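Following: one structure in C-alpha coordinates, then a few remarks.
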Amino acid sequence: MDYHKKFIAHLDLDCFFVSVERIKDPSLIGKPVAVGGVGRRGVVSSASYEARKFGVRSAMPMGQALDLCPQLIVVRGSHGEYGKISKRLYKFMCDYAPIVQQASIDEMYMDFTGCEKLYNNDLPGLMRTLQALVKKEFSLPCTIALSSNKIISKIATGCMKPEGLIIVEHGLEKDFLAPLDIAVIPGVGTKTEKELRKYNFNTIRDIQKAKKETIEAILGDHGRYFYRTAIGLGNDVLDVGWKRKSISNENTFMENISDRNELLKNLFELTESVCYNTRRYGWKGKTVKLKLRYSDFSTITRNITLKEPTNDDRIVFDAVKSIFLKAYTRKFPIRLLGVGLTQFSESKDETMSIFAEDEKRMQILNAVDKLRKKFGDDAIHTGKL
DNA sequence: TCTGGGGTCCTAGGACCC
DNA sequence: TCTGGGGTCCTAGGACCC
(Lines give C-alpha, C1' and ligand atoms only; values in the text may rest on other atoms or scores of the structure.)
Protein backbone atom coordinates (compact mmCIF):
# COMPACT_ATOMS: atom_id res chain seq x y z
CA MET A 1 0.00 0.00 0.00
CA ASP A 2 2.88 2.32 0.74
CA TYR A 3 4.78 1.61 -2.45
CA HIS A 4 3.78 4.80 -4.19
CA LYS A 5 4.39 7.12 -1.28
CA LYS A 6 6.54 10.12 -2.04
CA PHE A 7 9.65 11.65 -0.51
CA ILE A 8 8.94 15.28 0.28
CA ALA A 9 11.44 17.38 2.19
CA HIS A 10 10.77 20.64 3.99
CA LEU A 11 13.67 23.00 4.64
CA ASP A 12 13.13 25.82 7.12
CA LEU A 13 15.77 28.42 7.93
CA ASP A 14 16.18 28.98 11.67
CA CYS A 15 15.34 32.55 12.77
CA PHE A 16 16.30 33.55 9.22
CA PHE A 17 16.34 37.34 9.60
CA VAL A 18 18.44 37.17 12.76
CA SER A 19 20.84 34.74 11.08
CA VAL A 20 21.36 37.17 8.19
CA GLU A 21 21.99 40.04 10.59
CA ARG A 22 24.57 37.87 12.34
CA ILE A 23 26.44 37.41 9.07
CA LYS A 24 26.56 41.19 8.72
CA ASP A 25 27.49 41.73 12.37
CA PRO A 26 29.08 38.69 14.05
CA SER A 27 28.99 40.40 17.44
CA LEU A 28 25.27 39.46 17.51
CA ILE A 29 26.13 35.74 17.65
CA GLY A 30 25.16 34.10 20.93
CA LYS A 31 23.11 37.08 22.11
CA PRO A 32 19.36 37.66 22.44
CA VAL A 33 18.47 39.48 19.21
CA ALA A 34 15.18 40.48 17.61
CA VAL A 35 14.63 41.79 14.10
CA GLY A 36 11.57 43.97 13.87
CA GLY A 37 10.08 47.42 14.02
CA VAL A 38 11.77 49.79 16.39
CA GLY A 39 9.75 52.18 18.48
CA ARG A 40 6.64 51.79 20.57
CA ARG A 41 4.55 50.45 17.73
CA GLY A 42 6.96 47.84 16.42
CA VAL A 43 6.60 44.08 16.66
CA VAL A 44 9.08 41.21 16.57
CA SER A 45 9.39 39.53 13.19
CA SER A 46 12.27 37.20 14.05
CA ALA A 47 13.79 36.32 17.42
CA SER A 48 17.05 34.49 18.16
CA TYR A 49 16.83 31.35 20.27
CA GLU A 50 18.64 33.15 23.08
CA ALA A 51 15.76 35.66 23.06
CA ARG A 52 13.12 32.91 22.86
CA LYS A 53 14.42 31.54 26.17
CA PHE A 54 12.97 34.69 27.73
CA GLY A 55 9.62 34.15 26.05
CA VAL A 56 10.19 36.52 23.13
CA ARG A 57 8.17 35.38 20.12
CA SER A 58 7.53 36.66 16.62
CA ALA A 59 4.49 38.94 16.22
CA MET A 60 4.97 40.08 19.83
CA PRO A 61 4.86 43.84 20.50
CA MET A 62 8.42 45.11 20.92
CA GLY A 63 7.58 46.74 24.26
CA GLN A 64 6.51 43.42 25.66
CA ALA A 65 9.61 41.72 24.27
CA LEU A 66 11.84 44.27 25.98
CA ASP A 67 10.00 43.78 29.27
CA LEU A 68 10.61 40.04 29.08
CA CYS A 69 14.22 40.46 28.00
CA PRO A 70 15.68 43.91 28.85
CA GLN A 71 19.05 43.10 27.27
CA LEU A 72 17.36 42.29 23.93
CA ILE A 73 19.21 43.76 20.95
CA VAL A 74 16.69 45.12 18.46
CA VAL A 75 17.73 45.35 14.80
CA ARG A 76 15.68 46.92 12.04
CA GLY A 77 15.65 44.36 9.24
CA SER A 78 16.49 44.77 5.58
CA HIS A 79 13.89 42.82 3.64
CA GLY A 80 15.43 43.33 0.23
CA GLU A 81 18.53 41.48 1.31
CA TYR A 82 16.55 38.59 2.84
CA GLY A 83 14.70 38.17 -0.44
CA LYS A 84 17.93 38.00 -2.44
CA ILE A 85 19.47 35.37 -0.17
CA SER A 86 16.25 33.38 -0.26
CA LYS A 87 16.30 33.36 -4.05
CA ARG A 88 19.94 32.23 -4.11
CA LEU A 89 19.19 29.36 -1.76
CA TYR A 90 16.24 28.32 -3.92
CA LYS A 91 18.46 28.17 -7.01
CA PHE A 92 21.10 26.25 -5.07
CA MET A 93 18.55 23.59 -4.09
CA CYS A 94 17.33 23.25 -7.67
CA ASP A 95 20.65 21.53 -8.41
CA TYR A 96 19.77 18.76 -5.95
CA ALA A 97 16.02 18.27 -6.23
CA PRO A 98 14.07 17.89 -9.48
CA ILE A 99 11.12 19.86 -8.07
CA VAL A 100 11.47 22.73 -5.60
CA GLN A 101 8.68 24.89 -4.22
CA GLN A 102 9.49 28.19 -2.57
CA ALA A 103 6.88 28.28 0.19
CA SER A 104 7.87 31.58 1.80
CA ILE A 105 10.95 33.74 2.25
CA ASP A 106 12.50 31.23 4.67
CA GLU A 107 11.14 27.82 3.69
CA MET A 108 10.90 25.51 0.71
CA TYR A 109 9.73 22.04 -0.23
CA MET A 110 11.74 19.58 -2.32
CA ASP A 111 10.41 16.43 -3.99
CA PHE A 112 13.00 13.64 -4.11
CA THR A 113 10.61 10.93 -5.26
CA GLY A 114 12.39 8.78 -7.83
CA CYS A 115 15.83 10.08 -6.83
CA GLU A 116 16.58 7.30 -4.37
CA LYS A 117 19.02 5.47 -6.65
CA LEU A 118 20.71 8.69 -7.72
CA TYR A 119 21.57 9.26 -4.08
CA ASN A 120 22.65 5.66 -3.34
CA ASN A 121 19.38 4.85 -1.58
CA ASP A 122 20.43 7.19 1.20
CA LEU A 123 18.05 10.15 1.26
CA PRO A 124 18.67 10.66 5.00
CA GLY A 125 22.35 11.05 4.18
CA LEU A 126 21.45 13.57 1.48
CA MET A 127 19.42 15.58 4.00
CA ARG A 128 22.45 15.76 6.30
CA THR A 129 24.61 16.85 3.37
CA LEU A 130 22.17 19.58 2.34
CA GLN A 131 21.92 20.89 5.89
CA ALA A 132 25.71 21.06 6.09
CA LEU A 133 25.92 22.77 2.69
CA VAL A 134 23.45 25.48 3.72
CA LYS A 135 25.66 26.16 6.72
CA LYS A 136 28.86 26.11 4.72
CA GLU A 137 27.80 28.00 1.58
CA PHE A 138 25.28 30.40 3.13
CA SER A 139 26.32 30.55 6.79
CA LEU A 140 22.69 29.84 7.67
CA PRO A 141 21.39 27.31 10.19
CA CYS A 142 18.38 25.33 9.03
CA THR A 143 16.10 22.44 9.93
CA ILE A 144 15.14 19.73 7.44
CA ALA A 145 12.45 17.04 7.55
CA LEU A 146 11.67 14.26 5.10
CA SER A 147 8.33 12.42 4.96
CA SER A 148 5.61 11.30 2.59
CA ASN A 149 3.85 14.68 2.29
CA LYS A 150 4.29 18.42 2.69
CA ILE A 151 2.28 18.87 5.84
CA ILE A 152 4.04 16.19 7.89
CA SER A 153 7.41 17.52 6.81
CA LYS A 154 6.38 21.03 7.78
CA ILE A 155 5.08 19.95 11.17
CA ALA A 156 8.27 17.97 11.66
CA THR A 157 10.66 20.87 10.99
CA GLY A 158 8.61 22.96 13.39
CA CYS A 159 9.18 20.38 16.12
CA MET A 160 12.90 19.92 15.49
CA LYS A 161 14.12 23.53 15.40
CA PRO A 162 16.78 24.78 15.52
CA GLU A 163 19.32 22.88 13.39
CA GLY A 164 17.23 19.73 13.54
CA LEU A 165 16.94 16.86 11.10
CA ILE A 166 14.24 14.21 11.04
CA ILE A 167 13.03 11.45 8.76
CA VAL A 168 9.44 10.29 9.23
CA GLU A 169 9.43 6.81 7.68
CA HIS A 170 6.59 5.78 5.41
CA GLY A 171 3.92 4.10 7.52
CA LEU A 172 4.92 5.81 10.77
CA GLU A 173 3.16 9.11 10.10
CA LYS A 174 0.34 8.54 12.58
CA ASP A 175 2.72 7.49 15.34
CA PHE A 176 4.90 10.52 14.78
CA LEU A 177 1.94 12.90 14.96
CA ALA A 178 0.02 11.28 17.82
CA PRO A 179 1.77 12.88 20.84
CA LEU A 180 2.02 16.38 19.32
CA ASP A 181 -0.13 19.30 20.42
CA ILE A 182 -2.97 20.31 18.07
CA ALA A 183 -1.49 23.82 17.81
CA VAL A 184 1.40 22.54 15.64
CA ILE A 185 -0.95 21.81 12.75
CA PRO A 186 -0.60 24.57 10.14
CA GLY A 187 -3.93 26.35 9.91
CA VAL A 188 -4.68 26.05 13.62
CA GLY A 189 -4.54 29.61 14.89
CA THR A 190 -5.88 31.08 18.10
CA LYS A 191 -9.55 30.63 17.17
CA THR A 192 -9.36 27.06 15.95
CA GLU A 193 -7.15 26.07 18.87
CA LYS A 194 -9.62 27.45 21.37
CA GLU A 195 -12.50 25.73 19.62
CA LEU A 196 -10.75 22.35 19.63
CA ARG A 197 -9.68 22.62 23.29
CA LYS A 198 -13.25 23.43 24.24
CA TYR A 199 -14.13 19.88 23.18
CA ASN A 200 -11.03 18.42 24.85
CA PHE A 201 -9.00 17.89 21.73
CA ASN A 202 -5.51 18.68 22.97
CA THR A 203 -3.17 16.31 21.16
CA ILE A 204 -3.29 15.05 17.62
CA ARG A 205 -3.98 11.61 19.09
CA ASP A 206 -7.29 12.98 20.40
CA ILE A 207 -8.24 13.86 16.84
CA GLN A 208 -7.04 10.49 15.51
CA LYS A 209 -9.33 8.72 17.99
CA ALA A 210 -12.36 10.83 17.12
CA LYS A 211 -14.76 10.35 14.24
CA LYS A 212 -14.22 12.40 11.12
CA GLU A 213 -17.81 13.63 11.44
CA THR A 214 -17.17 14.97 14.96
CA ILE A 215 -14.29 17.13 13.80
CA GLU A 216 -16.31 18.32 10.82
CA ALA A 217 -19.19 19.23 13.11
CA ILE A 218 -16.89 21.44 15.20
CA LEU A 219 -14.87 23.06 12.44
CA GLY A 220 -17.03 22.81 9.33
CA ASP A 221 -15.28 22.29 6.03
CA HIS A 222 -11.93 22.93 7.69
CA GLY A 223 -12.53 19.87 9.84
CA ARG A 224 -12.03 17.54 6.92
CA TYR A 225 -8.55 18.91 6.35
CA PHE A 226 -7.61 18.71 10.04
CA TYR A 227 -8.82 15.14 10.35
CA ARG A 228 -6.89 14.07 7.25
CA THR A 229 -3.79 15.79 8.57
CA ALA A 230 -4.11 14.10 11.95
CA ILE A 231 -4.20 10.64 10.44
CA GLY A 232 -1.12 11.36 8.35
CA LEU A 233 -2.61 12.28 5.00
CA GLY A 234 -1.75 15.46 3.18
CA ASN A 235 -0.84 17.22 -0.03
CA ASP A 236 2.23 15.69 -1.68
CA VAL A 237 2.21 17.77 -4.87
CA LEU A 238 4.59 20.72 -5.00
CA ASP A 239 3.17 23.98 -6.28
CA VAL A 240 5.73 25.56 -8.58
CA GLY A 241 3.55 27.98 -10.57
CA TRP A 242 2.98 30.51 -7.81
CA LYS A 243 2.11 34.01 -8.93
CA ARG A 244 1.34 36.87 -6.59
CA LYS A 245 -2.26 37.97 -6.69
CA SER A 246 -2.10 41.32 -4.98
CA ILE A 247 0.30 44.18 -4.33
CA SER A 248 -0.25 46.40 -1.34
CA ASN A 249 1.41 48.88 0.94
CA GLU A 250 0.29 49.87 4.40
CA ASN A 251 1.63 52.09 7.13
CA THR A 252 1.02 52.38 10.84
CA PHE A 253 1.72 55.94 11.88
CA MET A 254 4.09 56.87 14.68
CA GLU A 255 1.14 58.80 16.10
CA ASN A 256 -2.53 58.59 15.21
CA ILE A 257 -3.76 61.06 12.61
CA SER A 258 -7.13 62.82 12.42
CA ASP A 259 -6.43 65.50 9.84
CA ARG A 260 -8.13 64.68 6.54
CA ASN A 261 -5.51 66.33 4.35
CA GLU A 262 -2.69 64.59 6.11
CA LEU A 263 -4.50 61.28 5.70
CA LEU A 264 -5.00 61.96 1.99
CA LYS A 265 -1.32 62.81 1.63
CA ASN A 266 -0.42 59.48 3.19
CA LEU A 267 -2.85 57.68 0.91
CA PHE A 268 -1.19 59.31 -2.06
CA GLU A 269 2.25 58.10 -1.00
CA LEU A 270 0.93 54.57 -0.50
CA THR A 271 -0.76 54.72 -3.91
CA GLU A 272 2.48 55.84 -5.56
CA SER A 273 4.44 52.96 -4.13
CA VAL A 274 1.78 50.37 -5.01
CA CYS A 275 1.54 51.63 -8.60
CA TYR A 276 5.31 51.73 -8.90
CA ASN A 277 5.62 48.11 -7.80
CA THR A 278 2.79 47.08 -10.11
CA ARG A 279 4.53 48.73 -13.05
CA ARG A 280 7.76 46.97 -12.18
CA TYR A 281 5.94 43.68 -12.71
CA GLY A 282 4.52 45.00 -15.96
CA TRP A 283 1.03 44.51 -14.58
CA LYS A 284 -2.19 46.43 -14.25
CA GLY A 285 -4.76 45.96 -11.51
CA LYS A 286 -8.51 46.23 -11.82
CA THR A 287 -9.58 46.28 -8.17
CA VAL A 288 -8.38 48.98 -5.79
CA LYS A 289 -8.37 48.22 -2.06
CA LEU A 290 -8.40 50.59 0.87
CA LYS A 291 -7.64 49.59 4.46
CA LEU A 292 -8.33 51.81 7.42
CA ARG A 293 -7.62 51.12 11.08
CA TYR A 294 -8.92 53.41 13.80
CA SER A 295 -7.06 54.08 17.05
CA ASP A 296 -9.28 51.52 18.82
CA PHE A 297 -7.98 48.92 16.33
CA SER A 298 -11.30 48.44 14.58
CA THR A 299 -10.45 47.87 10.95
CA ILE A 300 -12.46 48.29 7.79
CA THR A 301 -11.67 47.51 4.17
CA ARG A 302 -13.27 48.84 1.02
CA ASN A 303 -12.82 47.74 -2.61
CA ILE A 304 -13.75 49.22 -5.88
CA THR A 305 -13.43 47.50 -9.23
CA LEU A 306 -12.61 49.78 -12.12
CA LYS A 307 -13.82 49.41 -15.69
CA GLU A 308 -10.27 49.02 -16.97
CA PRO A 309 -7.11 47.68 -15.28
CA THR A 310 -4.56 50.37 -14.49
CA ASN A 311 -1.22 51.11 -12.86
CA ASP A 312 -1.51 54.88 -13.15
CA ASP A 313 -1.01 56.73 -9.85
CA ARG A 314 -3.62 59.33 -10.69
CA ILE A 315 -6.39 56.90 -11.63
CA VAL A 316 -5.75 54.69 -8.62
CA PHE A 317 -5.58 57.66 -6.28
CA ASP A 318 -8.88 59.04 -7.55
CA ALA A 319 -10.47 55.69 -6.70
CA VAL A 320 -8.73 55.48 -3.31
CA LYS A 321 -9.76 59.02 -2.46
CA SER A 322 -13.42 58.48 -3.32
CA ILE A 323 -13.76 55.27 -1.31
CA PHE A 324 -11.81 56.78 1.57
CA LEU A 325 -14.07 59.81 1.82
CA LYS A 326 -17.09 57.52 1.86
CA ALA A 327 -15.54 55.09 4.37
CA TYR A 328 -14.03 57.57 6.84
CA THR A 329 -17.19 58.24 8.77
CA ARG A 330 -16.18 57.96 12.43
CA LYS A 331 -14.72 61.08 13.95
CA PHE A 332 -11.94 59.03 15.37
CA PRO A 333 -8.15 59.18 14.98
CA ILE A 334 -6.60 56.73 12.53
CA ARG A 335 -3.52 54.59 13.21
CA LEU A 336 -3.13 52.76 9.89
CA LEU A 337 -3.87 53.28 6.24
CA GLY A 338 -3.30 50.79 3.42
CA VAL A 339 -3.70 50.74 -0.35
CA GLY A 340 -3.70 47.67 -2.57
CA LEU A 341 -4.23 46.53 -6.13
CA THR A 342 -5.57 43.13 -7.26
CA GLN A 343 -7.14 41.44 -10.29
CA PHE A 344 -4.03 41.76 -12.40
CA SER A 345 -3.61 41.52 -16.12
CA GLU A 346 -0.39 41.90 -18.09
CA SER A 347 0.06 45.50 -19.16
CA LYS A 348 0.46 45.29 -22.91
CA ASP A 349 1.61 48.33 -24.78
CA GLU A 350 -1.27 48.38 -27.24
CA THR A 351 -3.86 48.36 -24.45
CA MET A 352 -1.88 50.73 -22.30
CA SER A 353 -3.60 53.85 -23.49
CA ILE A 354 -5.70 55.17 -26.30
CA PHE A 355 -5.14 58.86 -25.83
CA ALA A 356 -2.01 60.82 -26.49
CA GLU A 357 -2.31 62.54 -23.15
CA ASP A 358 -2.19 59.18 -21.41
CA GLU A 359 0.88 58.25 -23.43
CA LYS A 360 2.57 61.35 -22.16
CA ARG A 361 1.65 60.53 -18.58
CA MET A 362 3.02 57.01 -18.98
CA GLN A 363 6.29 58.45 -20.27
CA ILE A 364 6.50 60.70 -17.24
CA LEU A 365 5.77 57.81 -14.89
CA ASN A 366 8.42 55.72 -16.60
CA ALA A 367 10.94 58.50 -16.14
CA VAL A 368 9.97 58.78 -12.47
CA ASP A 369 10.42 55.03 -12.08
CA LYS A 370 13.90 55.19 -13.59
CA LEU A 371 14.93 57.93 -11.17
CA ARG A 372 13.55 55.95 -8.26
CA LYS A 373 15.57 52.93 -9.28
CA LYS A 374 18.66 55.07 -9.37
CA PHE A 375 18.20 57.18 -6.26
CA GLY A 376 15.76 55.23 -4.10
CA ASP A 377 12.01 55.31 -3.52
CA ASP A 378 11.92 58.66 -1.72
CA ALA A 379 13.91 60.51 -4.37
CA ILE A 380 10.94 61.80 -6.29
CA HIS A 381 7.20 62.18 -5.96
CA THR A 382 4.80 63.45 -8.59
CA GLY A 383 2.79 66.67 -8.42
CA LYS A 384 0.16 66.06 -5.77
CA LEU A 385 2.58 65.92 -2.87
C1' DT B 1 2.37 44.51 26.62
C1' DC B 2 -1.76 47.18 23.46
C1' DT B 3 -1.06 44.71 18.85
C1' DG B 4 3.88 45.43 11.69
C1' DG B 5 3.57 44.50 6.93
C1' DG B 6 3.31 41.45 3.32
C1' DG B 7 0.32 38.07 1.69
C1' DT B 8 -3.48 33.81 0.82
C1' DC B 9 -7.89 31.61 1.03
C1' DC B 10 -12.68 31.20 2.41
C1' DT B 11 -17.52 32.61 3.22
C1' DA B 12 -21.74 34.84 2.59
C1' DG B 13 -24.77 38.02 0.64
C1' DG B 14 -26.23 40.89 -3.20
C1' DA B 15 -26.47 42.34 -8.09
C1' DC B 16 -27.23 40.95 -12.46
C1' DC B 17 -27.99 37.96 -16.47
C1' DC B 18 -30.27 34.30 -18.98
C1' DT C 1 -49.29 36.75 -10.82
C1' DC C 2 -44.93 38.26 -7.25
C1' DT C 3 -42.19 33.78 -8.85
C1' DG C 4 -37.26 29.36 -10.57
C1' DG C 5 -32.59 28.17 -10.82
C1' DG C 6 -27.84 28.43 -12.40
C1' DG C 7 -23.81 31.11 -13.11
C1' DT C 8 -20.64 34.85 -12.43
C1' DC C 9 -18.89 38.93 -10.54
C1' DC C 10 -18.35 42.03 -6.76
C1' DT C 11 -17.80 43.36 -1.85
C1' DA C 12 -16.64 42.99 3.27
C1' DG C 13 -14.83 40.58 6.76
C1' DG C 14 -12.27 37.01 9.07
C1' DA C 15 -8.78 33.40 9.97
C1' DC C 16 -4.37 32.31 9.15
C1' DC C 17 0.73 32.29 7.67
C1' DC C 18 5.69 34.10 7.62
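Numbers restart at 1 for each chain; the letters A, B, ... are given by sequence-line order, proteins then strands. As the structure is a prediction and not an experimental result, all values here were calculated from the model.
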Comparing A:P61 and A:D221 on DNA chain B - which has the more 5′ nearest nucleotide: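 Closer to the 5' end of DNA chain B: A:P61.
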Pairwise 5' ranking along DNA chain B for A:G63 and A:H222, keeping only the more 5' one: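 It is A:G63 whose nearest nucleotide is closer to the 5' end.
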Gap between atom [atom2] of [Y] and atom [atom1] of [X] - 0.5 Å precision:
X: A:N235; Y: A:I151; atom1: CG; atom2: CD1; value: 8.5 Å
X: A:L140; Y: A:E163; atom1: CG; atom2: CD; value: 10.5 Å
X: A:M60; Y: A:L66; atom1: CE; atom2: CG; value: 11.0 Å
X: A:T143; Y: A:I166; atom1: OG1; atom2: CD1; value: 10.5 Å

Residues forming a side chain to side chain contact (heavy atoms under 4.5 Å, CB included) with A:S78, sequence neighbours excluded: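 In terms of side chain to side chain contact (heavy atoms under 4.5 Å, CB included), with neighbours along the sequence ignored, A:S78 is linked to A:E21, A:K24, A:E81, A:Y82.
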From CA spacing to verdict: salt bridge (Lys or Arg N to Asp or Glu O under 4.0 Å), A:K154, A:E107: CA-CA 9 Å; A:K154 182 169 170 62; A:E107 54 180 328; 2.9 Å; yes
Under-3.5 Å N/O pairs linking protein and nucleotides 12-14 of chain B:
none

Scan the side chains in residues 174-184 of chain A for donor-acceptor partners under 3.5 Å anywhere in the protein, sequence neighbours excluded, and list what turns up.
residue: A:D181; atom: OD1; partner: A:A183; partner atom: N; Å: 2.8
residue: A:D181; atom: OD1; partner: A:R197; partner atom: NH2; Å: 2.8
residue: A:D181; atom: OD2; partner: A:R197; partner atom: NH2; Å: 3.3

Under 4.0 angstrom between [X] side-chain N/O and [N] OP1 or OP2:
X: A:R41; N: B:dC2; answer: no
X: A:K286; N: C:dC10; answer: yes
X: A:S46; N: C:dC18; answer: no
X: A:T192; N: C:dC16; answer: yes
X: A:T287; N: C:dC10; answer: no
X: A:N249; N: B:dG6; answer: yes

For atom NZ of A:K291 and atom P of C:dT11, their distance in whole Å: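 In whole Å, C:dT11 P lies 18 Å from A:K291 NZ.
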Gap between atoms CD1 and P, on A:I300 and C:dT11 respectively (whole Å): 15 Å
Sugar-phosphate only, base, or nothing, as touched by A:A59 at under 4.0 Å among non-hydrogen atoms: base
Of all the nucleotides listed ([options]), which has the minimum atom distance to the side chain of [X]?
X: A:K191; options: B:dT8, C:dT11, C:dC16; value: C:dC16
X: A:E250; options: B:dG4, B:dG7, B:dG5; value: B:dG5
X: A:S248; options: B:dG4, B:dG7, B:dG6; value: B:dG7

Contact list for DNA chain B against residues 64-73 of chain A - heavy-atom distance below 4.0 Å: A:Q64, A:D67
Nucleic acid contacts of residues 329-345 of chain A, taken as heavy-atom distances under 4.0 Å to DNA chain B: A:R335, A:L336
Ring centroids of A:F297 and B:dT3 base under 5.5 Å with planes under 30°: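 Yes; centroid distance and tilt both under limits.
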With A:F201 via ring pair (Phe, Tyr, Trp, His ring centres under 6.0 Å) - residues at least two apart: none
Check ion pair A:K135-A:D14 (N to O, under 4.0 angstrom):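 No.
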side-chain hydrogen bond (donor to acceptor under 3.5 Å, both in side chains) partners for A:S27, two or more places apart: A:D25
side-chain hydrogen bond (donor to acceptor under 3.5 Å, both in side chains) involving A:Y281 - partner list, sequence neighbours excluded: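 Scan of A:Y281 (side-chain hydrogen bond (donor to acceptor under 3.5 Å, both in side chains), adjacent residues dropped) gives A:R244.
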Strand DNA chain C in bracket notation, Watson-Crick/G-U under 3.5 Å with | for pairs to another chain: ....||||||||||||||
Pairs meeting criterion ring pair (Phe, Tyr, Trp, His ring centres under 6.0 Å) with involvement of residues 223-252 of chain A, two or more places apart: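 For residues 223-252 of chain A, and leaving out neighbouring residues, the ring pair (Phe, Tyr, Trp, His ring centres under 6.0 Å) pairs sorted by first residue read A:H222-A:F226.
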Ring pair (Phe, Tyr, Trp, His ring centres under 6.0 Å) contacts in which one or both residues fall within residues 114-164 of chain A, not counting sequence neighbours: A:F92-A:F138
Side chain to side chain donor-acceptor pair (under 3.5 Å) contacts in which one or both residues fall within residues 84-101 of chain A, not counting sequence neighbours: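 Non-adjacent pairs meeting side chain to side chain donor-acceptor pair (under 3.5 Å): A:S86-A:Q102, A:Q101-A:K150.
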